[in-house]
Amino acid sequence: RAVTALQEAAVELSIGMAHVEGISREVGAVQLGQRAETLEHILKTGGISHAAEGLDELNHLLSETARALRSVAAAEKQKG
């Protein structure tokens with residue numbers, strides 16, 4: 001049962017990574033999109049246990065991207 005639950009979680013995460021990849025590339029966050037694509041592949045082929053380090057890096061890239069997007073939004077707001 002536990003193995004099946006982990007496999008199902010890996011599938012769900014891989015679907016999420018596909019969404020992150022697409023959205024990231026739409027906003028120009030190339031590194032984030034590439035990491036999400038890599039994680040999607042890892043999750044489809046190796047499961048969750050192989051993705052832990054990549055998820056940490058993804059979290060870092062998400063934070064950097066959010067900071068950059070907030071900065072751009074603030075600059076646009078100042079322009080009027």
Validation: residues 22-39 side-chain donor-acceptor distances under 3.5 Å, sequence neighbours left out:
unit_1 : atom_1 : unit_2 : atom_2 : d
Ser24  : OG     : Val20  : O      : 2.6
Arg25  : NH2    : Glu37  : OE1    : 3.0
Arg35  : NE     : Glu57  : OE1    : 3.2
Arg35  : NH2    : Glu57  : OE1    : 3.0
Thr38  : OG1    : Gln34  : O      : 3.0

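Applying the side-chain hydrogen bond (donor to acceptor under 3.5 Å, both in side chains) test to His60 and every residue at least two apart in sequence or in another chain returns Glu64.
Closest approach of Ser14 to Glu40, counting heavy atoms only: O-CG, 3.6 Å.
Rounded to the nearest 0.5 Å, atoms CE (Met17) and CG (Leu58) are 5.0 Å apart.
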